[in-house]
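Here is the structure we will look at, set down as structure tokens.
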Protein chains: 2
Amino acid sequence: MITLTEENYIKAIFHLGKQGSVTVSTNALAEAMNTKASSATDMIKKLAEKNYANYKKYQGVSLTADGKRVAVNIIRKHRLWEVFLVDKLNFTWDQVHDVAEQLEHIKSQKLIDELDAFLDFPTHDPHGDPIPDKQGKFEHVEKTSLSNAKEGVSYVCVGVNDSSVDFLKYLDNNAIALGTVIKVLHKEPFDHSIKIKIDGKELMVSQTVGKNLFLKEA
Amino acid sequence: MITLTEENYIKAIFHLGKQGSVTVSTNALAEAMNTKASSATDMIKKLAEKNYANYKKYQGVSLTADGKRVAVNIIRKHRLWEVFLVDKLNFTWDQVHDVAEQLEHIKSQKLIDELDAFLDFPTHDPHGDPIPDKQGKFEHVEKTSLSNAKEGVSYVCVGVNDSSVDFLKYLDNNAIALGTVIKVLHKEPFDHSIKIKIDGKELMVSQTVGKNLFLKEA
DNA sequence: ATAATTGTTTAGAGCGGTCTAAAAATAAGC
DNA sequence: GCTTATTTTTAGACCGCTCTAAACAATTAT
């Protein structure tokens, strides 16, 4: 039996380490989980014990095939529930995260299969992230952060990294949503702020925004 | 903060003690929770501490107004989820219980309000039990068990007590569902089995069935 | 290359929930 | 009413997950 907390750690390792294949430091994991390094160490040991993680002392942690399977499954559930909340229950994209964090741990294969069908097999969640299919297959989107985008090029917004309520509200206030066309006008070397054009209007965004907004070339 | 386990104990006290107002013995509670009496005692103390339960040593436990409010809220969530699973996700009434037991603990007021609206404010769950409204109001159904029904009288099936998979499957196999009209032909004093008529066909059922099937007069 | 800093692990403890074993209170039998 | 049986509570322990404090390894600086 896999425990709630174990699932959450596995998910964190997956996200921090680019699908769990890159090794993640104990501190980074602890920070992501809002716990202390010692707690992370204990959990890492347990995950290694149960064959969900690869671990060598002082060398960080990555996921085994089993661990990745678990992670992808949770992510699938999380994102399907997000679609449900937005499409059927009138949630906005900044309201879904906390609830989906709870719903993702419900254990029932039939539930998730039926939900998938009920939602008509969606491929992306409300933040633009791809939903793994039943086999765990991911459609990998070619995306770059706004910070790494090229001056003078037009992009389409395909996702966000930070999904905090504040950030999503900021985007709403500035008319940035999935599918919004964004042209990069100028990248300021001094403070890494970026001047962009949305729907004819110019807008100056900070480095923080640049790092958390994902685009693909239009 | 109220814990998962606390919620489950409160729910059990509510169900065992006729809406939580009747005092429940430690053993009965422990049995319902599949744990030992010592564990139940500990939890009862904690619930009393937090003002969810009335407790005097060796005198059993009942719910305070607060405790009842919590219980009703969980039951509301449980039953709404059951409706969702059956109406929207093609679950049968014997498949919903375990999943609803998990879903009932999801914390989000908006979630349950929206779900209620999405399901068009249902008043009963798939087992015929009433769903408390947002204010916790219960429609109390006048129901008797088949065992207590009178010979020669016709009834309508309005609910079940035991919602084990086996029992619900048994009912399905014998074409008994909510709304089914049942006429009580003869109650056998010797083994308390009961002869009933459903849809023109006669059927003999055991005392166990009689105790777990709820009817109201047609 | 040695010292200082940073990152990681261990040791020991606490909390929530469970258990067993034993003690205390209540209920039942005669 | 006294004894026996049952129910309930207490005491002490363990597991999962967390913490702090201290030890240990790795990295960086000088």
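Protein chains get the first letters and strands the later ones, always in sequence-line order, with residue 1 at the start of each.
Sorted by first then second residue, the side-chain hydrogen bond (donor to acceptor under 3.5 Å, both in side chains) pairs that include residues 204-216 of chain A, not counting sequence neighbours, are A/Asn161-A/Asn212. Sorted by first then second residue, the salt bridge (Lys or Arg N to Asp or Glu O under 4.0 Å) pairs that include residues 89-98 of chain B, not counting sequence neighbours, are B/Asp94-B/Lys169.
One interatomic measurement links the two molecules: NZ of A/Lys45 to P of C/dT8, which rounds to 14 Å at whole-angstrom precision. Rounded to whole angstrom, the span from the NZ atom of B/Lys36 across to the P atom of D/dT10 amounts to 19 Å. In this entry the distance linking CG of A/Leu4 with C1' of C/dG16 reads 15 Å, nearest Å. Taking atom CE of residue B/Met43 and atom C1' of nucleotide D/dT8, one finds them 17 Å apart after rounding to whole Å. Atom CG of B/Asp42 and atom C1' of D/dT10 are 9 Å apart (whole Å). Here the P atom of nucleotide D/dG16 and the CE atom of A/Met1 are 14 Å apart, to the nearest Å. Rounded to an integer number of Å, the gap from A/Met33 CE to D/dT18 P is 7 Å. For the pair A/Ile44 CD1 and D/dG16 C1', the interatomic distance rounds to 16 Å; values are reported in whole Å.
For D/dT8, one of the phosphate oxygens OP1 or OP2 lies less than 4.0 angstrom from a side-chain nitrogen or oxygen of B/Asn27. Applying the 4.0 Å criterion to OP1 and OP2 of C/dT18, one finds that B/Tyr9 has a side-chain N or O inside that range. In terms of phosphate contacts, A/Thr41 brings a side-chain nitrogen or oxygen within less than 4.0 Å of OP1 or OP2 of C/dT9.
Expressed to the nearest 0.5 Å, how far CD1 of A/Ile10 lies from CD1 of A/Ile13 amounts to 7.0 Å.
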Nucleic acid footprint by protein, nucleotides 23-29 of chain C - heavy-atom cut-off 4.0 Å, B for base, S for sugar-phosphate alone: -BSS---

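Side-chain contact between B/Val160 and B/Leu213 is present, with heavy atoms from C-beta onward closer than 4.5 Å.
With sequence neighbours left out, the side-chain hydrogen bond (donor to acceptor under 3.5 Å, both in side chains) criterion links B/Asn90 to A/Glu114. Qualifying salt bridge (Lys or Arg N to Asp or Glu O under 4.0 Å) partners for B/Lys11, counting only residues two or more places apart in sequence or in other chains: B/Glu101, B/Glu104.
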I'd like a table of donor-acceptor pairs (distance under 3.5 Å, sequence neighbours excluded) in which one partner is a side-chain atom from residues 33-44 of chain B, with atom names and distances.
{"from": "B/Thr35", "atom 1": "OG1", "to": "B/Ser39", "atom 2": "OG", "distance (Å)": "3.4"}
{"from": "B/Thr41", "atom 1": "OG1", "to": "B/Ala37", "atom 2": "O", "distance (Å)": "3.0"}

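Nearest-nucleotide positions on DNA chain D place A/Thr3 closer to the 5' end than the other of A/Thr3 and A/Ser38. Nearer to the 5' terminus of DNA chain C, by closest-nucleotide assignment, is the contact made by A/Gly60 (compared with the other of B/Ala37 and A/Gly60). Taking for each of A/Asn34 and B/Lys56 the nucleotide of DNA chain D with the nearest heavy atom, the 5'-most of the two is the partner of B/Lys56.
Nucleic acid contact for A/Thr35: sugar-phosphate only, since backbone atoms but no base atoms lie under 4.0 Å from a heavy atom of the residue.
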